[in-house]
Amino acid sequence: MYYRICNYNNPQDRDAKKKFFPAPHYLGTLTTKQFAKRLSHSTTMTEADAMAFLVECANIFEEALINGEKIKLDGIGTFKETFGGIGQEKASDVTADSIRNLRTAFLIDSELRRRIQNEIYFTKAGNLINKTDDENTSVEQREKGD
């Protein structure tokens with residue numbers, strides 16, 4: 001996995017000196033079509049069958065999560081809806097209107113996480129990126145005026 005070096009402000013103390021941190025640098029996104037193609041190469045499914053399978057998985061995910069079910073896929077992980085809320089003085093005052101920040105959470109399978117952590121290595125991706133500027137322009141390029 002690649003990382004880049006970013007220069008961040010402290011969001012809780014704007015007057016503090018910026019610090020340098022590693023940040024993930026992704027080489028791209030594996031799309032549904034690309035995923036289906038890989039799946040078809042490692043199974044007996046055709047690419048079209050794999051696409052249909054993935055589309056139906058999305059439909060099943062939607063239905064299950066809307067219905068309040070968690071989805072546990074052995075070897076992959078668990079998906080679930082979660083949310084925060086506004087606290088009330090009395091339990092009787094807590095209603096659906098108290099719910100805020102609905103989000104979908106994914107908890108990776110512990111064995112899959114272990115395998116990834118044992119196999120992953122980190123490589124510096126390239127030039128320094130300043131998060132307050134264009135993410136595609138290195139500090140060196142900005143200093144040269146490129």
Side-chain angles (χ1 to χ4, degrees), residues 1-14 16-88 94-146:
M1 178 163 189
Y2 291 92
Y3 70 93
R4 64 179 192 263
I5 299 172
C6 293
N7 193 358
Y8 291 110
N9 285 323
N10 180 340
Q12 295 166 353
D13 183 0
R14 293 285 178 194
K17 185 177 178 182
K18 288 183 176 182
K19 291 187 178 181
F20 298 94
F21 294 90
H25 177 80
Y26 300 102
L27 297 179
T29 300
L30 183 65
T31 66
T32 305
K33 185 169 177 57
Q34 293 164 335
F35 193 98
K37 189 171 193 164
R38 288 188 191 182
L39 189 58
S40 72
H41 290 304
S42 61
T43 67
T44 58
M45 283 191 267
T46 66
E47 192 173 330
D49 289 340
M51 275 297 290
F53 169 78
L54 292 171
V55 167
E56 190 53 33
C57 282
N59 293 335
I60 292 168
F61 269 62
E62 179 182 2
E63 179 183 340
L65 293 171
I66 287 171
N67 289 329
E69 297 173 273
K70 293 191 287 186
I71 303 164
K72 184 177 186 316
L73 302 175
D74 294 336
I76 295 175
T78 301
F79 297 83
K80 64 182 180 178
E81 291 301 309
T82 185
F83 52 80
I86 298 171
Q88 304 294 338
V94 176
T95 67
D97 291 333
S98 303
I99 296 172
R100 297 287 186 271
N101 304 321
L102 178 65
R103 58 198 169 275
T104 303
F106 172 68
L107 178 62
I108 192 168
D109 178 84
S110 59
E111 178 61 22
L112 177 58
R113 166 53 63 205
R114 186 192 63 74
R115 290 194 321 264
I116 291 169
Q117 288 175 338
N118 286 341
E119 294 294 326
I120 202 165
Y121 63 94
F122 298 97
T123 303
K124 188 174 177 183
N127 295 328
L128 175 71
I129 301 294
N130 186 330
K131 291 296 284 183
T132 60
D133 296 326
D134 183 300
E135 285 204 26
N136 296 318
T137 306
S138 71
V139 169
E140 291 86 353
Q141 288 171 323
R142 285 191 299 278
E143 288 172 354
K144 291 179 188 174
D146 293 340

Those residues that, when tested against Asn118, pass side-chain contact (heavy atoms from CB on, under 4.5 Å) (two or more places apart): Arg114

When you compare the side chain of [Y] with that of [X], does any pair of heavy atoms fall below 4.5 Å?
| X | Y | value |
| --- | --- | --- |
| Phe61 | Ile71 | yes |
| Glu81 | Ile66 | no |
| Arg113 | Ile116 | yes |
| Tyr121 | Met1 | no |
| Phe106 | Ile76 | yes |
| Thr44 | Asp49 | no |
| Ile86 | Arg100 | yes |

Note: Glu69-Lys80 ion pair, threshold 4.0 Å (strictly below): no

Would you give the length of the straight line joining atom [atom1] of [X] to atom [atom2] of [Y], rounded to the nearest 0.5 angstrom?
| X | Y | atom1 | atom2 | answer |
| --- | --- | --- | --- | --- |
| Thr123 | Ile120 | OG1 | CD1 | 9.5 Å |
| Thr32 | Met51 | OG1 | CE | 6.0 Å |
| Leu39 | Glu47 | CG | CD | 10.0 Å |
| Lys19 | Asn9 | NZ | CG | 12.0 Å |
| Thr104 | Glu62 | OG1 | CD | 10.5 Å |
| Asp109 | Leu73 | CG | CG | 9.5 Å |

Non-neighbouring partners of Gln117 that pass side chain to side chain donor-acceptor pair (under 3.5 Å), sequence neighbours left out: none

Residues in side chain to side chain donor-acceptor pair (under 3.5 Å) contact with Lys72, at least two apart in sequence or another chain: Asp74

Validation row, ring centre Tyr2 to ring centre Phe122 under 6.0 Å: no

Would you confirm whether [X], through its side chain, and [Y], through its main-chain N or O, come within 3.5 Å as a donor-acceptor pair?
| X | Y | value |
| --- | --- | --- |
| Arg4 | Pro24 | yes |
| Arg103 | Asn101 | yes |
| Asn10 | Gln12 | yes |
| Thr43 | Met45 | yes |
| Glu56 | Phe53 | no |

Shortest non-hydrogen contact between Thr82 and Ala105, atoms and distance: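 In this case the closest contact between Thr82 and Ala105 is CG2-CB, 4.1 Å.
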
Closest approach of Ala50 to Ser40 (non-hydrogen atoms, all atoms of both residues): CB-N, 4.4 Å

side-chain contact (heavy atoms from CB on, under 4.5 Å) between Phe79 and Lys70, worked out: CA-CA 6 Å; Phe79 297 83; Lys70 293 191 287 186; over 6 Å; no

Criterion side-chain contact (heavy atoms from CB on, under 4.5 Å) on Lys37 and His41, from CA distance to verdict: CA-CA 6 Å; Lys37 189 171 193 164; His41 290 304; 3.6 Å; yes

More than 12 heavy atoms of other groups within 6.0 Å of Phe35 CZ: no

